[in-house]
Amino acid sequence: QVQLVESGGGLVQPGGSLRLSCVASGFTFSGFSLNSSPVGWFRQAPGKEREAVGCISSNDGNTHYAGSVKGRFTISRDNAKNTVYLQMNSLKPEDTAIYYCATPYSGSLCSLSKYEYGSWGQGTQVTVSS
């Protein structure tokens with residue numbers, strides 16, 4: 001079982017920035033590496049469905065974003081640190097949510113469908129408020 005851990009959440013004013021991190025832990029014996037897996041970022045606000053933020057593929061590093069965050073959020077990898085980042089700029093109050101990273105059941109391409117993902121982190125809270 002892949003264990004994912006998100007960090008970097010917090011309280012930020014509208015227009016501010018945050019960078020979230022996603023690392024994998026607890027399964028090095030299985031040979032799994034986050035570098036070799038697509039990673040998706042999702043978020044869930046109170047009373048709402050979990051929705052896609054974006055994802056990054058493993059084979060070519062291509063990224064895809066939800067329309068609501070395109071141009072403001074960027075997903076990247078640091079293979080040396082086996083970490084995936086979600087850089088969030090120009091944050092808005094409507095970005096307030098718990099943010100999750102996830103890895104898919106299989107494949108190398110990223111997907112914005114939450115149903116493609118089988119391993120999830122515990123989430124990190126992002127609150128955008130003045």
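Keep in mind it's a predicted model, so treat the numbers as computed, not measured.
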Give me the atom names and distance for the closest heavy-atom approach of [X] to [Y].
{"X": "I75", "Y": "T63", "value": "O-CG2, 3.6 Å"}
{"X": "S130", "Y": "P14", "value": "N-CD, 3.7 Å"}
{"X": "T96", "Y": "A45", "value": "O-CB, 3.7 Å"}
{"X": "Y100", "Y": "G121", "value": "CD2-O, 3.5 Å"}

Problem set entry | Selection residues 48-73 - residue pairs positive for salt bridge (charged side-chain N to carboxylate O under 4.0 Å, His left out), sequence neighbours left out |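 Residue pairs passing salt bridge (charged side-chain N to carboxylate O under 4.0 Å, His left out), neighbours aside: R43-E51, E49-K114, R72-D95.
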
Problem set entry | Pairs flagged by salt bridge (charged side-chain N to carboxylate O under 4.0 Å, His left out) wherever residues 6-16 is involved - sequence neighbours left out | none

Which distance, rounded to the nearest 0.5 Å, do you find between the [atom1] of [X] and the [atom2] of [Y]?
{"X": "H64", "Y": "S57", "atom1": "NE2", "atom2": "OG", "answer": "5.0 Å"}
{"X": "S33", "Y": "N79", "atom1": "OG", "atom2": "CG", "answer": "7.5 Å"}
{"X": "Q122", "Y": "C101", "atom1": "CD", "atom2": "SG", "answer": "8.0 Å"}
{"X": "S58", "Y": "N35", "atom1": "OG", "atom2": "CG", "answer": "10.0 Å"}

For this session: With side-chain contact (heavy atoms from CB on, under 4.5 Å) as the test, would you mind laying out the steps for L91 and L18 before giving the verdict?
Result: CA-CA 8 Å; L91 282 161; L18 279 176; 4.2 Å; yes

For this session: Give a yes or no on whether V69 and Y85 share a hydrophobic cluster (residues Ile, Leu, Val, Met, Phe, Trp, Tyr; joining criterion: side-chain heavy atoms under 4.5 Å apart).
Result: no

Exercise. Linking I/L/V/M/F/W/Y whenever any side-chain heavy atoms sit under 4.5 Å apart, do V23 and V39 land together?
Worked result: no

For this session: Could you go through the side-chain contact (heavy atoms from CB on, under 4.5 Å) check for L11 and S129 one step at a time?
Result: CA-CA 7 Å; L11 174 63; S129 175; 4.2 Å; yes

[X] vs [Y] side-chain heavy atoms within contact, under 4.5 Å:
{"X": "Y117", "Y": "C55", "value": "yes"}
{"X": "L34", "Y": "T83", "value": "no"}
{"X": "I56", "Y": "V84", "value": "yes"}

For this session: Kindly say whether the aromatic ring centers of W41 and F73 come within a distance under 6.0 Å.
Result: no

For this session: Mind checking side-chain hydrogen bond (donor to acceptor under 3.5 Å, both in side chains) for S17 and listing every partner two or more places apart, or none if nothing turns up?
Result: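 Partners of S17 by the side-chain hydrogen bond (donor to acceptor under 3.5 Å, both in side chains) criterion, ordered by chain and then number, come out as N89.
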
For this session: Sequence neighbours left out, what passes ring-ring contact (aromatic ring centres under 6.0 Å, His included) with Y65? Give chain and number order.
Result: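 In terms of ring-ring contact (aromatic ring centres under 6.0 Å, His included), with neighbours along the sequence ignored, Y65 is linked to no residue.
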
For this session: List in chain and number order the residues that pass ring-ring contact (aromatic ring centres under 6.0 Å, His included) with Y99, two or more places apart in sequence or in another chain; answer none if no residue qualifies.
Result: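 Y99 satisfies ring-ring contact (aromatic ring centres under 6.0 Å, His included) with no other residue.
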
Exercise. Is a side-chain N or O of T124 found less than 3.5 angstrom from the main chain of S7, in a donor-acceptor match?
Worked result: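 Pair absent, no side-chain N/O of T124 close to backbone of S7.
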
Listing, residues 103-113 side-chain donor-acceptor contacts under 3.5 Å, not counting sequence neighbours, or none:
from, atom 1, to, atom 2, distance (Å)
S111, OG, S113, N, 3.0
S113, OG, Y115, N, 3.3

